[in-house]
Amino acid sequence: MSRVDLQTLNAPQRAAVLHDSGPLLVLAGAGSGKTRVITYRIARVVSGGVDPARVMAVTFTNKAAGELRQRAAQLVGQGARTAWIGTFHAICARLLRQHGQAIGLPASFQIYDGADQRALVVQVMREISLPERLFVPAEVLGRIDRAKNEGIGPRDFRGGDFFGDVVAKVYPAYERRLQAANAVDFGGLLLRTLELLRQETTLAEALAERFVHLLVDEFQDTNHVQYELVRLLSGRHRNLCVVGDDDQSIYSWRGADIRNILDFERDHADAAVVTLEQNYRSTQTILDAASAIIARNSERRPKRLFTAAGPGAPIIYAPCEDERSEAAFVAHAIARLRQEEGLPYDQCAVFYRTHAQSRVLEEALRARRPAIPHVVVGGVRFYDRAEIKDVLAYLRLLANPTDDLALQRIINEPPRGIGSATLAKISEQARLDGSSALAAARACATGTGELSSGPRAKLAAFCTLIDELSAAAATLPPSALAELVLERSGYGARLASDPGPDGEARAENLLELIGSLRAYEAQSEAPSLPGFLEQAALAGDLDETPEEHGAVTLMTVHGAKGLEFAHVFIVGLERGVFPHARSLDDPQQLEEERRLAYVAVTRARQRLYLCHARRRWLFGQQQVNAPSEFLTDVPRRLLQTESAFSGHAAAVTPRGAFDRSGVRGAARGATRPAGARGGGDQAEERWVDSDEDFDQSAGASDELTTNFRIGMRVRHAKFGVGSIRMIGGTPPHLNLTIHFGEVGPRTIRSEFVLPL
DNA sequence: AGTCCTCTTCTTTTT
DNA sequence: GAAGAGGACT
């Protein structure tokens, strides 16, 4: 291993790299050189004589896979190219393309992304007349996805509860539709691969024989199906190296099961375990803060990060009046860093819990005198933009004529006079014939059905268009085909004739699409339309992180995993924002939020800024939130408060005052006629308005009053306004007063005193 | 059939 | 505050 210098590794890292054979668990704390261990290990295995083509390394994101591939190539040279390095989804797609026929999947199958899945669920629900008002399609889909992640196919799915029984009706129909469209969804890529390996045991054995070494990155994020896949593929040689950090498990909502890493030793009795605790990234101060946050979780392997670096600068705590001054603070601080320390912008990053928070920050960065260059990573995926999806739908239909979803998307896009009435006839025809929508459209256009001549001619014209394009698809490279689609469909012309402000942006996006098609053709060995569509479907929204662009990076905490920056700002540290409101009443979800906070904090190398806003405009409403517990968990000695900014922070909400206009349900509900449609029923909302700065709250006074609104549903009346008082003394008591709004002349009000 | 407007709903995180 | 659905109007 010529270029692998073991001397640069610390003892446990070296142990992990040199571990010979058998299962290996590497518990890698944040910033402990995890990627290095993986790449060095690959290099060592290869230099030890193993054919790189017999090494598989699996990651979760395309970004991580790309980095791994690149760094492996640096160490082993071009031979690394033949190694199987990719995301679970990409590797499964590859296996299914090669061998999927055995389970009835044509090699040209399509990959449906989240949007496609949702559309499909809506269709199925309409088909079996499930009211969307009652059953939210996204939740139905969520349940289906969860089942898939747990390895439960449509046949094995049992509802178990009221909602589950509804899902049990949708799931099989949904799966049938997928099959009919020759499509596989994200979960299906994994589940069907598992199905394939279980059914085709010869194939499974051959693959297990082939892959001498299997490495899995971010093992804490594996779900049950992924775990099984790994188990099967590594079953022959048992050289399974899993790397992960239970404290950084932040994808349980996607089916990740933290138990996979916590129980690895139980499942592999002879597993070697290496723990990497030395951190090479952050200052001790930052690590202390991170430890203080994560220490409150119960489900974790105890470990303690340490660093040889000194304590470094204190963490800046910035309480702000509202989200705008919070954003202004961030912009101000970055500008100052730039001015006083000459810090490059790309050394700074701002993390938030949800994408919705990025807007204010962008505005604030743009508003500064010399505007601060910035990049927002993630958000709307490129391939999710409407115009891109439209053109892709044409391409998909050409690649796969049974893709009904694609047909429906473009049959009247651009408008060509084919409306809902015609569409209904087509789907009726498709149902009668048991054919695809495109075939049914052809039948309607040529047959003597009850379609009147006008629509029929329009439909015929559309069919001719598709025929013409399919003929071209046989000979043209994908990029030329896309151009032809734009030209012949009239899509390009329509876009050109629409010079709206974002019309230009959309035209640009289409050019970029053509560009990415060309890039794909240049870089791929055997470019094909299905190949490109696969790449597009599997592309994530944060695949390329432009760190070299000299710009401040704005992203969600989820997007930040695996990255590091010299200066990190975490904004919106408020109860209800981060931790997210939906996690507040579930201890397990709260633990995940905590891990998320841990991930955020450990991204910082030198300086960390923790911000929160007292008031925030959210849901189009002014809200008042208490500081996040993740903030208050950080020991005071690590913090330096910076409230001098803009003077707003000094303003304290008068005790007991509560802006009536902020009371959404009470104000609106009162004016709404009784018995109006029940659609307005809201999910529960809660947040707390604290009068006290959290800095002073502990011990400073024995009485603390906060106002709050609580949401509850009592028939159609909702929401209360109230106050909560902590009464000192031993034992301490809570005084809870709730106004349930006015009913006629009466105020409904309740008061409780609760011992703690 | 298409367009425009209003009303409603919903907001986590993503391969 | 945005996007989607549904309704009314052209």
Side-chain angles (χ1 to χ4, degrees), chain A residues 58-65 86-93 111-115 117-119 122 132-133 136-139 142 145 148-149 184-190 218 221-223 225-226 249-256 351-357 359-360 377-381 383-384 386 412-423 452 454-455 458 534-543 555-561 572 576-584 589 592-593 595-596 599-600 617-622 668 672 676-683 685:
Chain A
V58 201
T59 64
F60 275 81
T61 64
N62 299 304
K63 194 171 64 185
T87 64
F88 270 106
H89 291 85
I91 284 175
C92 285
I111 298 170
Y112 272 13
D113 65 13
Q117 290 180 274
R118 225 168 304 129
V122 167
E132 284 161 58
R133 281 198 90 80
V136 187
E139 290 197 2
D145 252 347
K148 286 199 174 188
N149 288 330
V184 180
D185 58 14
F186 281 134
L189 282 174
L190 308 174
E218 307 281 14
D221 287 334
T222 48
N223 63 35
V225 173
Q226 288 161 333
S249 164
I250 55 173
Y251 284 108
S252 71
W253 49 275
R254 216 169 71 190
F351 302 152
Y352 34 79
R353 179 64 238 270
T354 65
H355 284 300
Q357 292 167 255
R359 223 186 135 102
V360 216
V377 179
V380 205
R381 231 169 48 118
Y383 291 107
D384 274 349
N412 201 32
E413 194 60 57
R416 48 174 72 91
I418 301 173
S420 52
T422 312
L423 212 51
S452 50
K458 289 168 178 159
E534 169 172 325
Q535 194 182 291
L538 293 178
D541 68 345
L542 24 89
D543 283 349
M555 58 165 78
T556 63
V557 184
H558 282 88
K561 189 157 89 155
V577 177
F578 191 8
H580 193 272
R582 288 180 65 152
S583 66
L584 289 180
Q589 283 192 51
E592 176 141 325
E593 295 282 314
R595 291 192 291 268
L596 203 49
V599 168
W617 214 284
L618 224 80
F619 316 137
Q621 286 284 321
Q622 189 87 258
R668 277 236 232 115
R672 177 178 297 176
R677 280 189 316 157
D681 285 16
Q682 292 282 330
E685 306 183 11

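Each chain gets a letter, A, B and so on, in the order the sequences are listed, and its residues count up from 1. The shown structure was predicted, so the numbers you read here are calculated from the model rather than taken from an experiment.
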Any base atoms under 4.0 Å from [X], or only sugar-phosphate, or nothing? Heavy atoms, all strands.
{"X": "A:Phe60", "value": "sugar-phosphate"}
{"X": "A:Ser583", "value": "nothing"}
{"X": "A:Gln589", "value": "base"}

Under 3.5 Å donor-acceptor, [X] side chain and [Y] backbone:
{"X": "A:Gln117", "Y": "A:Tyr112", "value": "no"}
{"X": "A:His89", "Y": "A:Leu189", "value": "no"}
{"X": "A:Asn149", "Y": "A:Arg254", "value": "yes"}
{"X": "A:Asp185", "Y": "A:Ile111", "value": "no"}
{"X": "A:Glu593", "Y": "A:Ser583", "value": "no"}

Nearest-nucleotide pick for [X], side chain only, options being [options]:
{"X": "A:His580", "options": "B:dT13, B:dT11, B:dT15", "answer": "B:dT11"}
{"X": "A:Arg582", "options": "B:dT11, B:dT15, B:dT13", "answer": "B:dT11"}
{"X": "A:Arg359", "options": "B:dT13, B:dT15, C:dA2", "answer": "C:dA2"}
{"X": "A:Ala421", "options": "B:dG2, B:dT15, B:dA1", "answer": "B:dA1"}

Rounded off to whole Å, could you give me the [atom1]-to-[atom2] distance for the [X] and [N] pair?
{"X": "A:Asp384", "N": "B:dT13", "atom1": "CG", "atom2": "P", "result": "13 Å"}
{"X": "A:His89", "N": "B:dT14", "atom1": "NE2", "atom2": "C1'", "result": "9 Å"}
{"X": "A:Glu218", "N": "B:dT15", "atom1": "CD", "atom2": "P", "result": "13 Å"}
{"X": "A:Leu190", "N": "B:dT15", "atom1": "CG", "atom2": "C1'", "result": "8 Å"}
{"X": "A:Asp113", "N": "B:dT15", "atom1": "CG", "atom2": "C1'", "result": "10 Å"}
{"X": "A:Glu139", "N": "B:dT9", "atom1": "CD", "atom2": "P", "result": "14 Å"}
{"X": "A:Asp185", "N": "B:dT14", "atom1": "CG", "atom2": "C1'", "result": "14 Å"}
{"X": "A:Arg118", "N": "B:dT15", "atom1": "CZ", "atom2": "P", "result": "14 Å"}

Pair assignment for C:dA8, Watson-Crick or G-U wobble, requiring both distances under 3.5 Å: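 The base-pairing partner of C:dA8, which may sit in any strand shown, is B:dT3.
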Counting only side-chain N and O atoms of [X], is one of them less than 4.0 Å from OP1 or OP2 of [N]?
{"X": "A:Asn149", "N": "B:dT15", "result": "no"}
{"X": "A:His355", "N": "B:dT14", "result": "yes"}
{"X": "A:Thr61", "N": "B:dT14", "result": "no"}

Toward the 5' end of DNA chain B, by each residue's nearest nucleotide, A:Leu596 or A:Arg416: A:Arg416
Ring centroids of A:Trp253 and B:dT13 base under 5.5 Å with planes under 30°: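 Yes, A:Trp253 stacks on the base of B:dT13.
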4.5 Å side-chain heavy-atom contact, A:His580 and A:Thr354: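 Yes, side chains in contact.
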